[in-house]
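Naming convention: chains lettered A, B, ... in sequence-line order (proteins, then strands); numbering from 1 in each chain. What you see below is based on every heavy atom in this structure, not just the backbone, and it leaves out hydrogens, waters and symmetry mates. Since the model is a prediction, treat every value here as computed from it, not as a measurement.
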Amino acid sequence: MKIASFNINGVKARADALGAWLDATQPDVAVLQEIKSTDETFPRALIEDRGYNLETHGQKGFNGVAILSKLPLEDVTRGLPGDDDDIQARWIEATVVDRRAVRICGMYLPNGNPVELDAGGQPVTGGKYAYKLAWMERLHARARDLLMLEEPCVLLGDYNIIPQPEDAARPEVWREDALFRPESRAAFRRLLNLGFTEAFRTRTPGPGHYTFWDYQAGAYQKNHGIRIDHILLSPQGADLMRDCQIDADVRAGDKPSDHVPIWVELDA
DNA sequence: ATGTCAGTAACGTACTGA
């Protein structure tokens, strides 16, 4: 079972690029982020005409996530638990059953910029950085509950976290950014420390592997990228891993997203 | 040195969020 994540930066603006990638890569399951579309205005035919089932969790103008799958999507839930007042569309879950049942959790983790800290160095309440860190607390709680099921589970998407200096071409540029601040990286480590495996790094160590390049200043041509899209596997999921790759060449296509897909192949 | 893009409100173009 090939399971992919792709921040497409606007599904309606990305019809050609998304269609071409689906045709070329043929994932069994894919999660999308930043669809920037409501459920009603999502271009469903783009997905369904290729034989995929589709579940969306959209929002007008920004954010928005979706899951598509060649097999049926079961037990679909929308929204990250833990804050009923949070209206941002950033989380969707579904179960896909082939030889094994796999729980798929697609996320668009908050960016968190600008970083606003008070005189004591604490994130300012109501600010975007505080929202990011609070969202990661809720993610930790959900991830802990999912681990207790002791089943193959995949948490994937745009984490908006640069885990280590080698995950940025120029880490010094990101030092004070919400994607690389110590609090953000510590929250990501706490997630891993629950017992999840970061799929890409079990197979490909070292610098130079990125999933995002800014549209500005020729970042892709200079390979000034960052690795912020990740796939985390529960222990039962990690047992099944066969491969994990970043489709970096997608960034060189026509009208590309600023992110590229990352995928994992499970023996499931 | 600078450099972009998608979507909104609204039909110009400034604004938001990345």
Side-chain angles (χ1 to χ4, degrees), chain A residues 5-21 31-44 46-47 56-66 80 86-91 106-116 123-124 126-136 139 156-163 167-181 183-185 187-188 210-230 248-262:
Chain A
S5 172
F6 193 0
N7 179 323
I8 49 166
N9 187 20
V11 69
K12 291 188 277 285
R14 218 62 66 205
D16 292 346
L18 179 56
W21 172 72
V31 297
L32 306 177
Q33 304 89 37
E34 284 202 88
I35 62 174
K36 298 187 178 180
S37 167
T38 61
D39 296 337
E40 293 74 24
T41 55
F42 191 102
R44 300 188 65 91
L46 174 66
I47 308 296
T56 62
H57 181 38
Q59 184 174 357
K60 188 172 184 173
F62 61 114
N63 301 329
V65 290
L80 182 63
D86 184 1
I87 55 157
Q88 298 196 32
R90 296 179 174 277
W91 181 267
M107 81 180 79
Y108 176 44
L109 202 151
N111 175 295
N113 286 303
V115 173
E116 294 178 279
V124 172
K128 292 189 174 182
Y129 194 47
Y131 175 67
K132 177 180 193 143
L133 296 176
W135 202 93
M136 293 188 79
L139 171 59
L156 75 170
D158 178 358
Y159 278 73
N160 269 317
I161 297 282
I162 302 166
D167 297 314
R170 297 186 300 168
E172 68 282 1
V173 169
W174 298 94
R175 194 67 60 188
E176 297 301 321
D177 194 281
L179 278 61
F180 194 57
R181 292 263 323 168
E183 302 86 352
S184 302
R185 294 172 59 196
F188 185 71
Y210 311 124
T211 64
F212 170 93
W213 297 261
D214 199 286
Y215 286 120
Q216 298 188 66
Y220 181 65
Q221 287 70 25
K222 297 174 186 169
N223 200 23
H224 286 174
I226 50 177
R227 196 174 68 89
I228 57 175
D229 298 84
H230 307 300
D249 55 325
V250 168
R251 188 64 173 77
D254 290 336
K255 271 202 91 190
S257 170
D258 41 7
H259 294 249
V260 295
I262 178 172

How many whole angstroms separate atom NZ of A:K255 from atom P of B:dC5?
9 Å
List in chain and number order the residues that pass salt bridge (charged side-chain N to carboxylate O under 4.0 Å, His left out) with A:E176, two or more places apart in sequence or in another chain; answer none if no residue qualifies.
A:R181
A:R175 to A:F180 six-membered ring, cation-pi geometry met (6.0 Å, 45°):
no
Check side-chain contact (heavy atoms from CB on, under 4.5 Å) between A:D16 and all other residues, then give those that pass, not counting sequence neighbours.
none
Provide the distance between the two C1' atoms, one in B:dC15 and one in B:dC11, to the nearest whole Å.
15 Å
Output the distance between atom CD1 (A:I47) and atom OG1 (A:T56), rounded to the nearest 0.5 Å.
10.5 Å
Whether A:D39 side chain and A:G58 backbone form a donor-acceptor pair below 3.5 Å:
yes
State which residues pass salt bridge (charged side-chain N to carboxylate O under 4.0 Å, His left out) with A:D258; sequence neighbours excluded, sorted by chain then number.
none
N/O to N/O distances under 3.5 Å, protein versus nucleotides 9-12 of chain B:
residue, atom, partner, partner atom, Å
B:dA9, OP2, A:K60, NZ, 3.4

Please state the P separation for the pair B:dA10 and B:dA14 - nearest whole angstrom.
15 Å
Give each protein N/O atom lying under 3.5 Å from an N/O atom of nucleotides 15-18 of chain B, with the pair distance.
residue, atom, partner, partner atom, Å
B:dG17, OP2, A:K128, NZ, 3.4
B:dA18, OP2, A:K128, NZ, 3.4

At 4.0 Å (heavy atoms only), tell me whether A:G218 reaches a base, stays on the sugar-phosphate, or touches nothing.
nothing
Looking just at side-chain N and O atoms, do A:N63 and A:Q88 make a donor-acceptor pair shorter than 3.5 Å?
yes
Can you name the residues that form a side chain to side chain donor-acceptor pair (under 3.5 Å) with A:N223, not counting sequence neighbours?
A:W213
Just checking A:A217: base, sugar-phosphate only, or nothing, at a heavy-atom cut-off of under 4.0 Å?
base
Rounded to the Å, how far apart are A:F42 CZ and B:dG7 P?
12 Å
Whole-Å distance, A:H224 NE2 to B:dT4 P, equals 17 Å
